[in-house]
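Indexing begins at 1, ligand by ligand and atom by atom, following the structure's order.
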Amino acid sequence: MAQILTLNAGSSSIKFALFDANTLDEPVRGQVEGLGTHPRLSARTANGEETDKNLEDGTVGDHASALKAILALIEASLSDVHIEAVGHRVVHGGLDYAAPVVIDAERLADLETLIPLAPLHQPYNLSGIRAAEAAFPDSMQVACFDTAFHRHHPWVNDTYALPPKFYDEGIRRYGFHGLSYEYVIQTLQQIAPTHAAGRVVVSHLGNGASMCAIQGGQSVGSTMGFTALDGLPMGTRCGQLDPGVVLYLMMEKGLSASEIETLLYTDSGLKGLSGLSNDMRELEAAGTPQARRAIDYFVFRIRRELGAMAAILAGLDALVFCGGIGENAWRIRECVCQNFGWLGLELDETLNRAGETIVSSRRSRVRVFIIRTNEELMIARHTAAKREAAGHSIVVA
Ligand code: AMP
């Protein structure tokens with residue numbers, strides 16, 4: 001039996017999923033979290049059991065050792081393990097990578113030059129690739145980029161109003177969460193092909209959050225820009241911010257670049273506004289004035305971007321919610337969709353509270369969907385396609 005392993009390596013975690021290379025059935029999925037502090041391995045294994053293992057015996061400290069623990073779990077769970085290809089989530093593909101690529105030494109070096117564009121993600125994504133190369137020297141390594149889905153934005157949505165030399169150097173609106181958007185639009189093509197071919201806004205609302213305007217299946221706009229900091233407020237990231245604030249903090253308040261980085265990436269967003277938590281469930285449960293204000297701002301920015309995206313698309317046929325908040329938080333969906341009757345958008349309260357796939361009312365012109373995103377399956381599909389191109393026969397589900 002041949003398998004495809006997908007890896008999403010972050011600063012202190014590796015998320016993984018194992019797929020049958022021929023059917024793309026997924027027998028094992030899990031993650032190592034707490035790398036560098038209190039490592040744990042949790043997973044759903046082949047027989048459907050949940051496992052949660054403390055890895056604090058000192059042997060697991062980096063991506064390479066975490067991958068060994070993952071492999072040991074996979075081998076204990078399946079009798080016949082032969083990982084032929086490993087698909088990696090890579091946050092930034094820069095100007096050149098508009099599609100997944102098979103990794104070789106030259107490409108890995110090329111992707112390293114993009115680290116300054118995504119300093120909090122890219123180095124760890126690449127160290128995941130190096131760890132997988134060492135663990136599976138005979139397997140194909142495939143990099144799948146979060147920016148790729150957005151690489152064909154029209155120029156007005158790709159540029160900032162800076163002198164063109166900066167655009168030429170790569171200071172552009174890249175957009176992220178592309179693997180999620182690609183999966184969602186492929187799913188929408190299956191369940192509602194007419195809507196998928198029209199004007200669609202997808203709201204990926206998780207700990208990271210962004211929205212994407214899609215026309216005819218192609219991304220034409222994203223709330224995220226040069227980095228994954230722009231747009232919606234997130235768990236700990238600030239979202240849209242006047243660049244003058246950064247100048248003021250530096251020049252008048254004397255904050256260093258790294259202090260500002262920490263403020264904007266890890267101390268802002270829902271956590272910063274509420275002073276309580278980055279976790280939407282905790283904020284909803286807390287019900288304090290600060291928690292409510294954080295939620296109000298989150299909803300307000302989503303509504304504002306939805307209006308802007310409907311304007312760019314010259315109307316709207318479908319709105320899709322995905323991500324941990326988008327898929328599970330019915331109150332947030334309800335608040336986001338309130339008073340959008342002028343756009344022809346109306347939720348069905350009961351369907352929305354029940355978390356059905358279609359949650360708009362019968363008379364809503366805009367159809368509203370909840371689609372559970374699956375970035376791992378998207379990476380597996382891309383990796384399977386590369387494996388097939390390399391000469392292996394494959395039946396992709
Ligand atoms: P993700 O990054 O996609 O895993 O999403 C994480 C976010 O989803 C966190 O803010 C969670 O609190 C939120 N979330 C997950 N389940 C629920 C739920 N049932 N109600 C509200 N928020 C939820």
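Annotation: ligand 1 has protein neighbours G206, N207, N278, D279, M280, R281, E284, G323, G324, I325, N328, A329, each with a heavy atom less than 4.0 angstrom from the ligand.
The side chain to side chain donor-acceptor pair (under 3.5 Å) test applied to H92 returns no partner, not counting sequence neighbours.
Figure legend: R172 and Y167 shown as a cation-pi pair, the cationic atom lying under 6.0 angstrom from the six-membered ring centre and within 45 degrees of its axis.
Taking all atoms of both residues into account, the shortest heavy-atom contact from E259 to S256 is OE1-N, 2.8 Å.
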Please list, one pair per line, the donor and acceptor atoms closer than 3.5 Å that link side chains of residues 295-323 to other protein atoms, with sequence neighbours excluded.
unit_1: R301; atom_1: NH1; unit_2: Q240; atom_2: OE1; d: 3.4
unit_1: R303; atom_1: NH1; unit_2: V336; atom_2: O; d: 2.9
unit_1: R303; atom_1: NH1; unit_2: Q338; atom_2: O; d: 2.4
unit_1: R303; atom_1: NH2; unit_2: Q338; atom_2: O; d: 3.2
unit_1: D317; atom_1: OD1; unit_2: R199; atom_2: NH2; d: 2.9
unit_1: D317; atom_1: OD2; unit_2: R199; atom_2: N; d: 2.7
unit_1: D317; atom_1: OD2; unit_2: R199; atom_2: NE; d: 3.0

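Annotation: salt bridge (Lys or Arg N to Asp or Glu O under 4.0 Å) contacts involving residues 354-368, sequence neighbours excluded, comprise E346-R363.
A donor-acceptor pair under 3.5 Å links the side-chain atoms of N125 to the main chain of A9, judged by distance alone.
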